[in-house]
Amino acid sequence: MLALHILGRDEEAALLLKAEIYDDPTLPDAYVWEHISCGQSLKLVSTSEVSTYLRMTSAHIQEILNLR
């Protein structure tokens with residue numbers, strides 16, 4: 001989802017949002033790209049809250065789409 005967003009393919013990322021993959025409570029710990037805002041450098045971080053990360057990323061992408 002984030003990779004599509006970074007490539008400017010937000011519409012395709014939005015399709016993943018509809019899959020609601022972030023509602024799976026069994027998602028394991030993962031390394032993710034911390035994406036605070038557009039234009040800032042990404043940072044690789046470890047998280048045990050993958051569902052929260054995916055929800056926050058999807059909210060960011062949806063916000064970008066709403067601004068168009």
Are V32 and I61 in one and the same hydrophobic cluster, where Ile, Leu, Val, Met, Phe, Trp and Tyr link if side-chain heavy atoms are under 4.5 Å apart?
yes
What's the spacing between M56 CE and E34 CD if we round to 0.5 Å?
8.5 Å
Please check: side-chain N/O of Y53 versus main-chain N/O of W33, any donor-acceptor pairing under 3.5 Å?
yes
Atom pair OG1 (T47) and CG (D29), whose distance is rounded to the nearest 0.5 Å:
7.5 Å
Should E11 and L15 count as side-chain neighbours, where that means a heavy-atom distance under 4.5 Å?
no
Distance from D10 atom CG to H60 atom NE2, nearest 0.5 Å?
7.5 Å
Going through the checks in order, is the side-chain contact (heavy atoms from CB on, under 4.5 Å) test met by L42 and I6?
CA-CA 10 Å; L42 298 175; I6 291 169; 3.3 Å; yes
Should L44 and L54 be regarded as members of a common hydrophobic cluster, given that ILVMFWY residues are connected when their side-chain heavy atoms come within less than 4.5 Å of each other, either directly or indirectly?
yes
Mind listing the closest non-hydrogen atom pair of P28 and V50 along with its distance?
O-CG2, 3.1 Å
Heavy-atom closest contact (L65 atom, A14 atom, distance)
CD1-CB, 3.5 Å
Kindly indicate whether the side chain of L2, heavy atoms from C-beta on, has any atom under 4.5 Å from the side chain of H5.
yes
